[in-house]
Amino acid sequence: MNIALLLEMAAEAAPDRVGLVCDGKRWTYAELLAAARGAFELIDQSGCEYVALLDESSEAAVIALFGAALAGVPYCPLNYRLADTDLAALLERVSPALVVGDEERVQRIAGEQGHTVYSRELFTLKAQESVPEAEDRVYDPGEGIAVQLFTSGTTAAPKAAILRHSNLLGYILGTVEFASADEADAALVVVPPYHIAGISALLSSIYANRRIVMLPSFEPDAWLKLVETEKVTNAFVVPTMMTRIIDKLENGLATDLTSLRAIAYGGGKMPLEVIQKALALFPDSGFTNAYGLTETSSTIALLGPDEHRDALASDDPKVRARLTSLGKPLPTVEIEIRDEDGKVLPAGEPGEIYVRGEQVSGEYKEKSALDAEGWFPTRDAGYMDEEGYLFLSGRADDVIVRGGENMSPGEIEDVLLTHPAVGDACATAIPSVEWGEAVGVAVVVRDGHEAPSEDELKELIRGRLRSSRVPEKVMFMKELPYNEMGKLLRREVKKILA
Amino acid sequence: MKPGTRLKSAACDTEVMVIRCGDGTIECGGAPMGEDKPADAAPLAADHSNGTLMGKRYVDADGNYELLCVKPGKGSLSVDGVALVTKDAKPLPASD
């Protein structure tokens, strides 16, 4: 089955209902489906092997996603924030592609790769004009790959995670009731299109017939204004966005947010004080914490609205602690905690989170990460309490997650070690109210050298990496802790820095 | 028959996508369903006329069959004469 079925059903049941609002333009389900079929023609004629998006969210993302699905070509939204060389390498891996978005940039960095490039406007216009001639055109049956997403590539070159039509449909059909939204309902979508949550938001809202209100890039004033003018009922934010929205509201911004019935969040660790403030500022909204991964087609566990309020109101520390939990597994997936030898652990014991279910792909273009029984090792560390609530304790591989952006300690350490006076270095996550996590570094000064200043080290990183990598905290140590196998004990450094 | 096949009712407007199936005959309104609509419509059997609902999933007791209704109609779904029932998805808060 093809994921385009979701849009076809919405267009069949409610052709004239508005399904998408973007930049002031409103699209009905019938218009979106017609444009997706037009995009099929463009894609089919181009002879491309991928449809890539190099752009912020817009109607073109919806049209490209479903057009690619109808044509049986994987849809591959790319992270436009990447540096030119990294982006060119990814474009090479999807060549030849029909690329929608930043035409000038694609020509400049990947002009020789044989891509067919359209600007957002031209692609949308052509898709609307290219209505297929035959009514009975044969579309792809949807037995292959629907979406390919590159992981952030923090530990090595980015991996190409593959989501099949069956994975995404398994997720949507198992968790969303068709046409269950009221005509007045609207979901505010602000996650970037290259994030799994950006894709699942489109699929689930369209299948529920819930109007999508797109905000191409997050800015708290614009977000609050859209909630008010579009009478948004549902919204998904990452913790950093929540912090910024709260700041605005605490500064006395007068906005009517009473339409906002449901607020979901995920994509990174939500600091306890932030969610407590949010619950107080939105007393009538239902909060949902969603936990999921690219490789699992989005959400696999969630903490629902009643559980949030119960935890907040409880005197029992165990119940109260659930405010920081990921909630319980969806009824459609199984979750286990296992130790390093793969043994299943009992409640309360920390280990690696494993998941199994129809929506779980666990597959990369190079190879599948599923074990023989279909379980996917998430590389996330956590535990489950006696009641089945899942708690995340960190990344199995120590990745720092700053405001939803994953960064590898290794790349920061490598830059620090280029300084002549730095003998050893360890980068680790430190708690940050604004970002969830930020970068902290511990540095050992080489014998016979003067210690460099904090600012000097920060400047060194700023000059070589993106500004998000610049440490908020720098600490000088006599030596770093290693175990007997010579492995750096990052957790110990983390404790000292925190 | 394989998953992903679209079946049409011979007796009404119903269309379904096959999510899971066995070797039995899938019927709607009392008549076998097919990938093409027959030229002459089959009569709608009175005891198979409860109707289908768009977007509902229909399953048998043993879990061998699962059909997704993609176009509603007046007939009801059955396999070898045994009526299928709707599979109720557990309502979840929207998480994305």
Side-chain angles (χ1 to χ4, degrees), chain A residues 1-2 5 8-10 12-13 141-143 165-166 169-171 173-181 185 187 189 191 196-205 207-210 233-236 262 264-266 286-292 298-299 301-306 327 330-332, chain B residues 1-9 12-22 26 28 33-39 50-77 84-96:
Chain A
M1 265 199 285
N2 192 308
L5 178 70
E8 288 164 357
M9 287 173 70
E12 168 84 30
E143 284 164 11
H165 289 272
S166 56
L169 283 171
Y171 173 61
L173 297 181
T175 61
V176 183
E177 192 71 30
F178 177 71
S180 53
D185 287 3
V189 175
V191 274
I196 179 60
I199 296 192
S200 58
L202 302 182
L203 299 178
S204 53
S205 287
Y207 195 60
N209 292 8
R210 186 183 300 112
T233 54
N234 298 61
F236 176 90
Y265 61 91
F287 283 79
T288 298
N289 182 9
Y291 165 67
S298 197
T299 310
L302 55 82
L303 186 76
D306 293 343
L330 297 187
T332 44
Chain B
M1 187 81 54
K2 60 176 185 175
T5 305
R6 193 179 186 116
L7 295 177
K8 296 177 178 175
S9 173
C12 70
D13 293 335
T14 298
E15 292 184 20
V16 300
M17 295 295 284
V18 177
I19 294 175
R20 208 185 343 267
C21 65
I26 298 172
C28 178
M33 299 184 82
E35 292 187 46
D36 299 303
K37 233 177 158 58
N50 288 333
T52 50
L53 293 169
M54 179 91 167
K56 285 285 175 200
R57 286 180 293 165
Y58 292 85
V59 292
D60 65 330
D62 298 333
N64 293 327
Y65 292 85
E66 184 168 341
L67 310 174
L68 172 68
C69 174
V70 296
K71 202 169 179 183
K74 289 181 180 157
S76 41
L77 299 164
L84 300 183
V85 295
T86 55
K87 177 178 181 176
D88 293 316
K90 197 179 169 213
L92 294 169
S95 63
D96 45 33

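Naming convention: chains lettered A, B, ... in sequence-line order (proteins, then strands); numbering from 1 in each chain. Reckoned from all heavy atoms, side chains included, excluding hydrogens, waters and symmetry mates. Keep in mind it's a predicted model, so treat the numbers as computed, not measured.
- In this structure, chain B has a heavy atom under 4.5 Å from the side chain of A/Leu330, while its backbone stays farther away.
- Neither the backbone nor the side chain of B/Leu53 comes within contact range of chain A; no heavy atom of the residue lies under 4.5 Å from a heavy atom of that chain.
- Considering all non-hydrogen atoms of both residues, B/Pro93 and A/Leu302 come closest at CG-CD1, 3.9 Å.
- Annotation: side chain of A/Pro305 is not in contact with side chain of A/Phe287 (no heavy-atom distance under 4.5 Å).
- In this structure, the side chains of B/Cys28 and B/Leu77 come closer than 4.5 Å at one or more pairs of heavy atoms.
- When every heavy atom of B/Cys12 is checked against every heavy atom of B/Ser9, the shortest pair comes out as N-OG, 3.1 Å.
- Across all non-hydrogen atoms, the minimal contact from A/Ala197 to A/Phe236 is CB-CE2, 4.1 Å.
- Contacts between A/Leu202 and chain B at a heavy-atom distance below 4.5 Å are absent for every atom of the residue.
- Interface remark: A/Ala13 contributes backbone and side-chain atoms alike to the contact with chain B (heavy atom separation under 4.5 Å).
- Within the 4.5 angstrom heavy-atom criterion, no atom of A/Pro141 approaches chain B.
- In this structure B/Asn50 satisfies the side-chain contact (heavy atoms from CB on, under 4.5 Å) test together with B/Ser76, sequence neighbours excluded.
- Looking at every heavy atom in both residues, B/Met1 comes nearest to B/Val18 through SD-CG2, 4.1 Å.
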Inter-chain polar pairs, chain B versus chain A: which donor-acceptor atoms lie under 3.5 Å apart?
unit_1, atom_1, unit_2, atom_2, d
B/Lys2, NZ, A/Glu143, OE2, 3.2
B/Lys56, NZ, A/Glu177, OE2, 2.7
B/Arg57, NH2, A/Leu173, O, 3.1
B/Ser95, OG, A/Thr299, OG1, 2.9
B/Asp96, OD1, A/Ser204, OG, 2.7
B/Asp96, OD2, A/Tyr171, OH, 2.5
B/Asp96, OD2, A/Ser200, OG, 3.0
B/Asp96, OD2, A/Ser298, OG, 3.3

Evaluation steps, side-chain contact (heavy atoms from CB on, under 4.5 Å), between B/Val16 and B/Val70 | CA-CA 5 Å; B/Val16 300; B/Val70 296; 5.8 Å; no

